[in-house]
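What you see is a predicted model; the values in this text were computed from it and never measured.
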Amino acid sequence: MTYQLHYWPTIQGRGEFVRLALEAAGAAYVDVAREAPSKGGGESNLGRRLGDPANPRPSFAPPFLVDGDIVVGQTAAILLYLGPRLGLAGVGEADGLWTHQIQLTVADCVAEAHDTHHPLSTGLYYEDQREAAQSRAKAFREERIPKFLGWFEQILERNPDGDRHLVGDALTYADLSLFQLVAGLRYAFPKATARALAETPAVARLHANVRRRQRVRDYLRSPRRIAFNEDGIFRAYPELDK
């Protein structure tokens with residue numbers, strides 16, 4: 001059965017972590033909101049699905065995944081569901097839970113990256129909170145990026161199966177999500193991220209190895225990969241990267 005991914009059609013955002021897992025596994029899926037409105041695509045149709053009063057279990061926000069009668073919202077929950085089905089969650093319950101824990105930590109870092117440019121309110125424009133953003137970004141650059149990447153580095157170093165993967169000896173969605181996190185940080189904070197990656201060589205190698213995987217490489221070169229932009233989570237404001 002073809003999975004249906006519902007997410008905003010013009011940004012990578014949190015939906016990109018799901019897209020990468022589906023692409024890396026070669027799974028059949030439709031990125032529904034990127035379809036033509038006549039086929040149920042577009043932001044207006046996405047909004048109608050979110051606000052459907054007949055849905056007893058509505059998602060708070062995109063992304064959400066539809067698999068037959070099952071609807072799963074929240075990026076980490078979607079990947080927890082998809083992981084074993086796509087062969088991207090390690091072996092057994094312990095690996096599955098560890099992969100999920102790593103994903104939740106990725107989500108923490110993603111949220112903090114977002115809050116560098118919207119530290120006061122998501123309802124305000126960046127220009128309305130620029131001064132607070134500069135203060136928040138300074139702490140993120142100097143304290144939080146090194147701490148998060150340092151934690152991932154420790155995981156890679158301590159993996160009994162070697163430092164090529166975060167979990168076990170094969171690709172998991174945790175590897176793909178760390179790849180996406182590093183890509184986003186490099187876009188938004190190229191100077192600060194370069195400094196942090198110089199201190200976390202195993203993380204840098206994992207990012208390069210994931211990029212070289214055939215399906216990932218093909219996806220990144222395809223029109224299915226939306227470019228980073230200043231409407232998404234990772235935004236390149238030069239004044240926030242020093």
- Can any side-chain N or O of Arg144 pair as donor or acceptor with the backbone N or O of Cys109 at less than 3.5 Å? no
- Going from CZ on Arg34 to CZ on Arg19, what distance comes out if it is rounded to the nearest 0.5 angstrom? 6.0 Å
- Using a 4.5 Å cut-off on heavy atoms from C-beta on, say whether the side chain of Val203 contacts that of Phe148. no
- Step through the shown structure and confirm whether more than 12 heavy atoms of other residues, nucleotides or ligands are within 6.0 Å of CD on Gln129. yes
- Message: Any salt bridge linking Arg130 with Glu239? Criterion: basic side-chain nitrogen under 4.0 Å from a carboxylate oxygen.
- Response: yes
- Message: A side-chain contact here means heavy atoms from C-beta on lying under 4.5 Å apart; do Ile102 and Phe152 qualify?
- Response: yes
- Can you see which heavy atom on Leu80 is nearest to which on Pro84, and at what distance? O-CD, 3.3 Å
- Message: Please check this pair: side chain of His117 against backbone of Leu240, looking for a donor-acceptor N/O pair closer than 3.5 Å.
- Response: no
- Of all the heavy-atom pairs spanning Leu86 and Ala27, show the shortest one and how long it is. CD2-CB, 3.8 Å
- Query: Between Asn159 (side chain) and Ile155 (backbone), is there a donor-acceptor pair under 3.5 Å?
  - Reply: no
- Task: Name all residues meeting the side-chain contact (heavy atoms from CB on, under 4.5 Å) criterion together with Ala204; count only those two or more places apart in sequence or in a different chain, and write none if there are none.
- Result: Leu197
- Message: How close do Ala111 and Arg14 get, counting heavy atoms only, and between which atoms?
- Response: CA-NH2, 4.2 Å
- Message: Could you see if Val18 belongs to whatever hydrophobic cluster contains Val66? Use Ile, Leu, Val, Met, Phe, Trp, Tyr and a side-chain cutoff under 4.5 Å.
- Response: no
- Task: Under the salt bridge (charged side-chain N to carboxylate O under 4.0 Å, His left out) rule, what do Lys138 and Glu143 come out as? Steps first, then yes or no, please.
- Result: CA-CA 8 Å; Lys138 183 177 186 294; Glu143 302 169 19; over 6 Å; no
- Does Ala192 offer a backbone N or O that forms a donor-acceptor pair with the side chain of Asp241 under 3.5 Å? yes
- Task: Following the transitive rule for hydrophobic clusters with a side-chain heavy-atom cut-off under 4.5 Å over Ile, Leu, Val, Met, Phe, Trp and Tyr, establish whether Tyr173 and Leu97 coincide in one cluster.
- Result: no
- Check: His100 and Leu104 side chains under 4.5 Å, non-hydrogen atoms: yes
- Axial cation check for Tyr81 ring with Arg85, 6.0 Å and 45° limits: yes
- Task: Look at Glu199 together with Arg195 and state whether they make a salt bridge at an N to O cut-off of under 4.0 Å.
- Result: no
- Item | Residue Glu93 excluded, over 12 heavy atoms near CD under 6.0 Å | no
- Message: Using 30° and 60° as the class boundaries, would you call the ring planes of Phe234 and Phe228 parallel, tilted or perpendicular?
- Response: perpendicular
- Message: When you compare the side chains of His114 and Arg235, does any donor N or O come within less than 3.5 Å of an acceptor on the partner?
- Response: no
- Item | Exceeds 12 heavy-atom contacts within 6.0 angstrom, atom CZ of Arg213 | no
- Query: Where do Arg158 and Asp163 land on the salt bridge (charged side-chain N to carboxylate O under 4.0 Å, His left out) test, with the steps shown first?
  - Reply: CA-CA 8 Å; Arg158 297 177 187 180; Asp163 65 1; over 6 Å; no
- Task: To the nearest 0.5 angstrom, please state how far the NE2 atom of His165 sits from the OG1 atom of Thr172.
- Result: 8.0 Å
- Query: Closest heavy-atom contact between Ile226 and Pro9?
  - Reply: CD1-O, 3.5 Å
- Query: Are Val216 and Leu181 grouped together when hydrophobic residues (ILVMFWY) are joined by side-chain heavy atoms under 4.5 angstrom apart?
  - Reply: yes
- Closest heavy-atom pair and its distance - Arg225, Tyr219: CB-O, 3.4 Å
- Message: Once rounded to the nearest 0.5 Å, what's the spacing between atom CG of Leu166 and atom CD of Gln101?
- Response: 11.5 Å
- Would you call Asn55 and Arg57 a side-chain contact if the rule is heavy atoms closer than 4.5 Å? yes
- Query: Once the angle between the rings of Phe64 and His6 is folded into 0 to 90°, is it parallel (under 30°), tilted (30 to 60°) or perpendicular (over 60°)?
  - Reply: parallel
- Query: Can you get from Ile11 to Val106 by hopping between Ile, Leu, Val, Met, Phe, Trp and Tyr side chains that sit under 4.5 Å apart?
  - Reply: no
- Query: When the aromatic ring centroids of Phe189 and Phe140 are compared, is their separation below 6.0 Å?
  - Reply: yes
- Show your reasoning for whether side-chain contact (heavy atoms from CB on, under 4.5 Å) applies to Glu230 and Tyr237. CA-CA 8 Å; Glu230 275 54 68; Tyr237 297 125; 4.1 Å; yes
- Are side-chain heavy atoms of Tyr3 and Val30 found at a separation under 4.5 Å? no
- Does Tyr187 share a hydrophobic cluster with Leu185, counting links as ILVMFWY side-chain heavy atoms below 4.5 Å and allowing steps through other members? yes
- To the nearest 0.5 angstrom, please state how far the OG1 atom of Thr99 sits from the CG atom of Leu79. 10.5 Å
- Give a yes or no on whether the backbone of Thr10 and the side-chain of Asn229 come within a donor-acceptor separation of less than 3.5 Å. yes
- For Glu23 and Tyr29, does a side-chain donor sit closer than 3.5 Å to a side-chain acceptor? yes
- Task: Kindly compute the distance separating OH (Tyr126) from OG1 (Thr116), expressed to the nearest 0.5 Å.
- Result: 8.5 Å
- Can we say Arg224 and Asp31 salt-bridge, meaning some charged N sits less than 4.0 Å from an Asp/Glu carboxylate O? no
- Message: Any heavy-atom pair between the side chains of Pro63 and Leu5 that's under 4.5 Å?
- Response: yes
- Message: Less than 4.5 Å apart, side chain to side chain, heavy atoms only: is that true for Val32 and Leu46?
- Response: no
- Task: Taking all heavy atoms of Ala21 and all of Leu88, pick out the closest pair and write down the distance.
- Result: O-CD1, 3.6 Å
- Carefully, step by step, assess Asp67 and Met1 under the rule side-chain contact (heavy atoms from CB on, under 4.5 Å). CA-CA 8 Å; Asp67 180 22; Met1 183 174 292; 3.9 Å; yes
- Could you give the distance from CG (Leu20) to CG (Leu176), rounded to the nearest 0.5 Å? 6.0 Å
- Task: Dump the intermediate steps for ring pair (Phe, Tyr, Trp, His ring centres under 6.0 Å) on Phe179 and His207, then the final yes or no.
- Result: CA-CA 5 Å; Phe179 163 83; His207 180 269; 4.5 Å; yes
- Are the side chains of Glu153 and Pro201 in touch, meaning some heavy atoms are under 4.5 Å apart? yes
- Taking Arg217 for the side chain and Arg212 for the main chain, is one N or O donor matched with an acceptor at less than 3.5 Å? yes
- Message: Between Arg164 and Asp175, does any side-chain N to carboxylate O distance fall below 4.0 Å?
- Response: no
